[in-house]
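First, the structure itself, so that you have it in front of you.
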There are 2 protein chains.
Amino acid sequence: MKQQRARLRDVAEAAGTSTKTASRVINGDDRVSAETRARVEKAVIDLGYRPDPLARSLRRGLDETIGVVVDEVGDPFFASVIGEIERMAIDRDVSVIIASTRRREERERIVLDGLYQRRVAGLIIASISDNHAYLRNSSCPLVFIDRAAEDLAADAVVVDDRGGARMAVEHLMRHGHRRIAYIGDRLSTATARHRLLGYRDAIEGAGIVPDESLVAQVEPAKGDAGVAAEALLRLPEPPTAIFSANTRCSLGTLPTLHRLRRTDIGFISFGDFAMADTLTPAITIVDHSPEAIGRLAAERLFSRLAGEEPPVETILAPLRIVARGSGELAAVGKP
Amino acid sequence: MKQQRARLRDVAEAAGTSTKTASRVINGDDRVSAETRARVEKAVIDLGYRPDPLARSLRRGLDETIGVVVDEVGDPFFASVIGEIERMAIDRDVSVIIASTRRREERERIVLDGLYQRRVAGLIIASISDNHAYLRNSSCPLVFIDRAAEDLAADAVVVDDRGGARMAVEHLMRHGHRRIAYIGDRLSTATARHRLLGYRDAIEGAGIVPDESLVAQVEPAKGDAGVAAEALLRLPEPPTAIFSANTRCSLGTLPTLHRLRRTDIGFISFGDFAMADTLTPAITIVDHSPEAIGRLAAERLFSRLAGEEPPVETILAPLRIVARGSGELAAVGKP
DNA sequence: CGAGACGAGGTAATCGATGTCACAGCAGTG
DNA sequence: CACTGCTGTGACATCGATTACCTCGTCTCG
């Protein structure tokens, strides 16, 4: 049944014009008489014509497609980011090609190369590389997410790690906590560094004497976080609250708190996770919404694709505290 | 620095041949003398030539791209499926375009239409529609995931919902449970129906008299699951274990069990979720690995793209029980 | 009244790779 | 020796849409 795909030529023929004129109508060129336009439009509808994106892209030298490069497509955080990008893209009839680097620099290079080869119109990248020299004269707009490219003047959408951490710790303080522990990643990444700085900002900003024994830097993949939490609670002067600097640390710490029946400890997690709102108490988080990051990155990219040329900018995705209980527990057992 | 992209014509010129001959070398046509071949190959390397995928696709009438259509790209389950598909695709130099239906039938139609328009080489679809007539003479191979298309002879990769549910319930029985409750979705989907059947299979297979008061069909989005769990535990003869037929029901039920301090109740969840292995006790699950589903679907699709024509088949992705504790609790409080 | 501007539209080249077909040269064959 | 049959090769058309450039009226204005 499905008839042969109609081509521009068929439309032109049906409308009794040349392909060029048909093309004008389709591309909204106004140098066409109303009458001709109507004929062409009718033909388009009659034949169910839709331009071949491949042919169009070839001629224009640019595909109606954007590429999204992330660590791992299956990572829930990036999955949500991508989901939001796709949501914005589909409204603009743009396809989204995904690729993952698996956190390997050479793969990053390969997938980007492949995307350039395809002449994508734009790229959104969670880069793991430090060296972006090969992107310097990119033929298409780039937007970095999660981490800005420090050696490249390009748009980026990141979160205010330092400010967010400070905000979280201050939230705990507002509920009476003064001894607040930090559990976070080892300092390998900029993200971790900034969050620890934010924690220190809050402590010092409140005039509290910093106590380094309250700062635990762990390897969350090894399950250190729970051990660290237990050690913290055994201190002579234990914390009344814990700030967990990332999701994985939270996932490690919380089972320990439950097991020790210390759900009276104040707790805030930088980063949300499934079940966070179904635990008892539900876990208060600093939300760095992947959707917001995806949306902001896509907005910026599409605005450049539309020809706008805003100054290059590093955009901070909004952070907000989602109070669910664990961060609003009053400080107890104060000596 | 980045010189102009080399075209086939440039290669041909550098090698002193026609474009056609260069094309032959690149496409591995053997009707080329060894000497000419060597010259062309050298030129390809010197110029860093790589064929333009767009032009090639246009000529061939087929893009080196596959489309993946799911409910929601951001859904962790589908994200993992897609991640695995992308992993397989990149090895074959195939790009992956994603699109989501947001569970709306008209969107399914629209995104599929768009992908056809792009002339994707193949499609992997988690269809939500019941009517696939418009896919009947698809121009490219289709593989359904998660749900088979019942009105269409097409490959599908699904899980054995009935068998998996039975397996889960039998696992509980092996730990002494005889009164086992079912908490699951309302019966709108085939998936839910099959899982309830599996539960009944196990109960009857064990010679237990079915007790309908142990079967709770809820609307998990409304938070019914927790309420249902509480009601079950208040029964005169309460269950000693619960089989939760899907992830969302588990997410609803578990906080209730924890709140009631009834973590002694046996529990198995059909479908994994974050924190499942960090709760106390950790949650035993029936794992329907999204990676396996993605891999199987991609394998099937690529084998068809490679020209193989295996008979159309509905493939069952493997299911396995991941014992973590909650499913291995011995039955207690037996009257 | 002639010139230039402008509106509406057409012709042919082009994007880059590949399919069709023709052709030259040489080997084998009856 | 004429003929068929390969082998290696290239010229040219083609995929479908867009762009550069041109034509032909008609309108306006000096």
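Throughout, protein chains are lettered first and strands after them, A, B, ... in sequence-line order, and every chain is numbered starting at 1. Just so we're clear, the structure is a prediction, and the values are computed from it rather than from any experiment.
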Are A:Thr21 and C:dG10 close enough that a side-chain N or O sits under 4.0 Å from OP1 or OP2?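 Yes, A:Thr21 has a side-chain N/O under 4.0 Å of OP1/OP2 on C:dG10.
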Could you write out each protein N or O paired with an N or O of nucleotides 4-6 of chain C at a distance under 3.5 Å?
none

So which nucleotide from D:dT18, C:dA17, C:dG10 ends up closest to the side chain of A:Ser18?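 Closest nucleotide to the A:Ser18 side chain: C:dG10.
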Comparing B:Ile26 and A:Thr36 on DNA chain C - which has the more 5′ nearest nucleotide: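 It is A:Thr36 whose nearest nucleotide is closer to the 5' end.
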Looking at D:dG16, does its base get a donor-acceptor pair with the side chain of A:Arg5 below 3.5 Å?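 Looking at the base of D:dG16, it does not pair with any donor or acceptor on the side chain of A:Arg5 (distance under 3.5 Å).
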For B:Phe77, ring pair (Phe, Tyr, Trp, His ring centres under 6.0 Å) partners two or more places apart: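 Once residues adjacent in sequence are excluded, the partners of B:Phe77 under the ring pair (Phe, Tyr, Trp, His ring centres under 6.0 Å) criterion are B:His288.
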Starting at atom CZ of A:Arg118, determine the distance to atom C1' of C:dG16, rounded to an integer number of angstrom.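 One finds 14 Å between C1' of C:dG16 and CZ of A:Arg118, rounded.
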Indicate yes or no for a side-chain donor-acceptor contact from A:Asn27 to the backbone of A:Arg24 under 3.5 Å, with no hydrogens or angles considered.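 No: the side chain of A:Asn27 does not pair with the backbone of A:Arg24.
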Using a 4.0 Å heavy-atom cut-off, does A:Arg37 contact any base of the nucleic acid, only the sugar-phosphate backbone, or nothing at all?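 If one applies the 4.0 Å heavy-atom cut-off, A:Arg37 turns out to touch nothing in the nucleic acid.
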Record whether the side chain of B:Arg24 comes under 3.5 Å of the base of D:dG10 through a donor-acceptor pair of N or O atoms.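 Checked by distance alone, the answer is yes.
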Would you kindly compare B:Leu58 and B:Val32 by the position of their nearest DNA chain D nucleotide and give the one closer to the 5′ end?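 Counting from the 5' end, the first nearest nucleotide belongs to B:Val32.
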Whole-Å distance between C:dG10 C1' and A:Glu13 CD?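 It works out to 15 Å between those atoms.
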When you match A:Asp52 and B:Thr19 each to their closest nucleotide on DNA chain D, which lands nearer the 5' end?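 Checking each residue's closest nucleotide, the 5'-ward one belongs to B:Thr19.
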If you check the B:Lys20 side chain, which of D:dT18, C:dG19, C:dC15 turns out closest?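 Nearest listed nucleotide: C:dG19.
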Holding to ring pair (Phe, Tyr, Trp, His ring centres under 6.0 Å), I want the full list of residues that pass it with B:His132, two or more places apart in sequence or in another chain.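 By the ring pair (Phe, Tyr, Trp, His ring centres under 6.0 Å) rule, B:His132 matches B:Phe144.
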Can you list every side-chain hydrogen bond (donor to acceptor under 3.5 Å, both in side chains) pair that touches residues 293-303 of chain B, not counting sequence neighbours?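 Passing the test, one end in residues 293-303 of chain B: B:Asp155-B:Arg300, B:Arg300-B:Glu313.
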Please determine, for the side chain of B:Arg59, which listed nucleotide (C:dG10, D:dG16, C:dA17) has the closest atom?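 It is C:dA17.
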Please determine whether a side-chain nitrogen or oxygen atom of A:Ser33 lies at a distance below 4.0 Å from atom OP1 or OP2 of C:dG9.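 For C:dG9, OP1 or OP2 has a side-chain N or O of A:Ser33 closer than 4.0 Å.
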Which heavy-atom pair separates A:Val158 from A:Thr314 by the least distance, and what is that distance?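 For A:Val158 versus A:Thr314, the nearest heavy atoms are CG2-CG2, 3.8 Å.
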Whole angstrom is fine here: how far is it from CD in A:Glu35 over to P in C:dG9?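 Distance check: A:Glu35 CD to C:dG9 P gives 8 Å.
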Have a look at B:Arg7 and say if it touches a base, only the backbone sugar-phosphate, or nothing, with a 4.0 Å heavy-atom cut-off.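 Result for B:Arg7 = sugar-phosphate.
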Between B:Ser23 and C:dT18, is there a side-chain N or O to OP1/OP2 distance below 4.0 Å?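 It does, given that an N or O in the side chain of B:Ser23 lies less than 4.0 Å from OP1 or OP2 of C:dT18.
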Below 4.0 angstrom from OP1 or OP2 of C:dG16, is there any side-chain N or O of B:Arg56?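 Negative; the distance criterion is not met.
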Give the rounded distance in Å between these two atoms: CG of A:Leu47 and P of D:dG16.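 Those two atoms, CG and P, are 14 Å apart.
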Which residues pass the ring pair (Phe, Tyr, Trp, His ring centres under 6.0 Å) test with A:Phe302, not counting sequence neighbours?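 Per chain and number, A:Phe302 pairs via ring pair (Phe, Tyr, Trp, His ring centres under 6.0 Å) with no residue.
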Taking only residues at least two apart or on different chains, which pairs with a member in residues 14-61 of chain A satisfy ring-ring contact (aromatic ring centres under 6.0 Å, His included)?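 For residues 14-61 of chain A: none.
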Does B:Ser57 reach a base, just sugar-phosphate, or nothing at all? Heavy atoms under 4.0 Å.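 Result for B:Ser57 = nothing.
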Interatomic distance where CG belongs to A:Leu54 and C1' belongs to C:dT18 [whole Å]: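 After rounding, the gap between these two atoms is 14 Å.
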Euclidean distance, atom CG of residue B:Leu8 to atom C1' of D:dG10 [Å, nearest integer]: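 Those two atoms, CG and C1', are 13 Å apart.
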Once you round it to whole Å, what is the distance between C1' of C:dA17 and CZ of B:Arg50?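 Distance check: B:Arg50 CZ to C:dA17 C1' gives 15 Å.
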Does B:Tyr49 put a side-chain nitrogen or oxygen below 4.0 Å from OP1 or OP2 of C:dA17?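 Indeed, a polar side-chain atom of B:Tyr49 lies that close.
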So, B:Glu86 side chain and A:Ser100 main chain: donor-acceptor pair closer than 3.5 Å or not?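 Flag set: sc B:Glu86 to bb A:Ser100 pair under 3.5 Å.
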For B:Asn27 and C:dT18, is the shortest distance between a side-chain N/O and OP1 or OP2 below 4.0 Å?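 B:Asn27 to C:dT18 OP1/OP2: side-chain N or O found under 4.0 Å.
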Under the criterion side-chain contact (heavy atoms from CB on, under 4.5 Å), which of B:Val25, B:Thr17, B:Thr21 is the partner of B:Arg37?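 That would be B:Val25.
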Given atom CG of B:Asp29 and atom P of C:dT20, what is their separation to the nearest angstrom?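 B:Asp29 atom CG is separated from C:dT20 atom P by 12 Å.
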